[in-house]
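Some notes on the structure that comes next.
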Amino acid sequence: MRDPLNKVIKEIKPSGIRKFFDIVQEMKDVISLGVGEPDFDTPWHIREEGIYSLEKGRTHYTSNAGLVALKNEIANYLERRCNITYDPASEIMVTIGGSEAIDVALRAMADPGDEILIPTPSYVSYLPCTQLIGAVPVTIDLKEENEFRLTPEELLEKITDKTKILILPFPNNPTGAVMRREDLEKIAKVIIEKDLFVISDEIYSELTYGGVSHVSIASLPGMKERTVTINGFSKAYAMTGWRLGYACAPAVILKQMIKIHQFAIMCAPTTSQYAAVEALKNGDSDVDEMREVYDQRRKYLIAAFRRMGIECFEPMGAFYVFPNIKKFGMTSDDFAMKLLEEERVAVIPGTAFGDCGEGFLRISYAYSIENLKAAMERIERFVKRHQ
Amino acid sequence: MELRNAILKNLDKNSKISVSDLADMLGSSADEIAAEIRAMEEENVICGYPTLIDWDKTNIEKVTALIEVKVQPKRGVGFEDVAERIYKFDEVEYVYLMSADYDLMVIVEGKTMREVATFVSSKLAPMESVLSTATHFVLKKYKEHGLALVEDKKDERELILP
């Protein structure tokens, strides 16, 4: 028989956390701090709106780009929260989570051979999505001493005449890093000078703490025409299972993105779109409540790690801490595996998010304080034993 | 004030939370948290630390009744006087002054319906300023203090996700 498979997909490594998943599945009494999704259920008024739309028989396709009412609410939201004006008729499309938006943006913009800059550690999909279209991923190693923010020097160093797009994943999963306005201004200057584009994955934009607020790079002068802004409902409104996100871009780019979406997807789930309208209209206070709770857990974990003598820079966004475990003389993988075997706490090795995550762990605080407390007691025991 | 509000919101959900956990969560010190709590106790901002119990799961019999009470307010003291005469009874759990159709909502707990009925007919209704009462017995409690009593909530998430 002939090889049934595509040559590119065969070369792409499966996600590094798969083996942890398999082991954890088989274990009992595991406390997992390994989940990248909110522990909260979607607020009831949002769910209720989804149910109501089903009762009303709103069970059909929507237009490819999404419900007009939803695109209008997204435009209002981005104006109100991120200070960018997008035309809902030609510059906004509704996608199946931020994930689809990332894929579609890359496919619409990159040709085979184009170099795509991917700061790491970062979310696991940028690299394979780049490889699948024959473009070339070029990673930029972010550094702890810069609090895992991207500097213009690091960016310049990796730019060649083949570079076309920078992926900008902030607030960042797994590090919790947040780019400040000054940081973005320096990056924007390079982007404009070098005539590049940005895919800005802002899925955690609502989750920033300690007086730091998220800034969208598209809101900086000269950047809207060079940026695809990606966001969604999963993290802010605890709506992961609804699979709903959106992309905003200049009409010339968005038009082609919609074309891909139209043929591959048709439209995002209708029920989810109706629920999302409610989320944007009446969900601000839910987001505030959740943010406050996340912030308390964040502070709790940082205090706990520092007491154990584990270095941990203060992450200002998302819901992860990224402690440095280099002093234990183990790889991230070994540390995570031993911790799982000896104390039954599941965390994700930093290397799952790029080679430069070596020496770090991603710890999620999308868990109750009681859960975190129990896990920290186990980790403390482990740390004492291995010091 | 912000620290106080954050302490109260947490205690409202879990009065057993430790001072040291609160200190870590709010980026404060245990001493500071303890001092704030003590001050709020003294100022009667914090009035007690009761426990939320689903009595249906115990062998202790309890019935709850909501009683709408219409009263004749008194000159000078308004509703305060009659409210006090009512809330001093041990059976009475809550007394609220209400808008609209009636004046006081009195929530009473007793061992049996008969005990509650006796309280209403022999203590509450005969009071001088009480004009009328309407007693509603609670059949089932679904949610109290913001917590659903009937749900058994499990974490439905996958164990590991990027």
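In what follows, chains are A, B, ... by sequence order, proteins preceding strands, each numbered from 1.
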Side chain from CB out, backbone as N, CA, C, O: work out which of these in B/S28 comes under 4.5 Å of a heavy atom of chain A, or both, or neither.
-> neither
What part of B/N10 lies closer than 4.5 angstrom to a heavy atom of chain A: side chain, backbone, both or neither?
-> side chain
Enter the distance from B/R157:CZ to A/S364:OG here, rounded to the nearest 0.5 Å.
-> 6.5 Å
When rounded to the nearest 0.5 angstrom, what is the spacing between CG in B/L161 and CD1 in A/I17?
-> 6.5 Å
Determine the minimum heavy-atom distance between B/L159 and A/V35, stating which atoms define it.
-> O-CG2, 3.2 Å
State, to 0.1 Å, how close B/I160 and A/A346 come at their nearest heavy-atom pair, and which atoms those are.
-> CD1-CB, 3.9 Å
For chain B, find which of A/R18, A/R298, A/E292, A/Q25 contributes the most heavy-atom pairs closer than 4.5 angstrom.
-> A/E292
Answer key: most heavy-atom pairs under 4.5 Å with chain B among A/A366, A/P174, A/G34 is A/G34
Select one option (side chain, backbone, both, neither) describing which atoms of [X] are under 4.5 Å from chain B's heavy atoms.
| X | value |
| --- | --- |
| A/V293 | side chain |
| A/R307 | side chain |
| A/F21 | both |
| A/D41 | side chain |
| A/V124 | side chain |
| A/L301 | neither |
| A/R362 | side chain |

Inspect the surroundings of [atom1] in [X] and state if more than 12 heavy atoms from other residues, nucleotides or ligands are less than 6.0 Å away.
| X | atom1 | value |
| --- | --- | --- |
| A/R47 | CZ | yes |
| B/Y49 | OH | yes |
| B/D90 | CG | no |

Residues B/K16, A/E370: salt bridge by 4.0 Å N-O rule | no
Scan side-chain atoms only and decide if B/D24 and A/Q296 contain a donor-acceptor pair under the 3.5 Å cut-off.
-> no
Is A/K299 close to B/L26 at the side-chain level, that is, under 4.5 Å between some pair of heavy atoms?
-> no
Criterion side chain to side chain contact (heavy atoms under 4.5 Å, CB included) on A/Y367 and B/D155, from CA distance to verdict = CA-CA 10 Å; A/Y367 295 92; B/D155 193 340; 4.2 Å; yes
Derivation of the side chain to side chain contact (heavy atoms under 4.5 Å, CB included) call for B/E158 and A/E37 = CA-CA 9 Å; B/E158 298 284 305; A/E37 70 167 316; 5.6 Å; no
Start with the C-alpha gap between B/D21 and A/K373, add the side-chain angles, then the distance that decides, and say whether side chain to side chain contact (heavy atoms under 4.5 Å, CB included) holds.
-> CA-CA 9 Å; B/D21 287 352; A/K373 191 174 173 164; 2.6 Å; yes
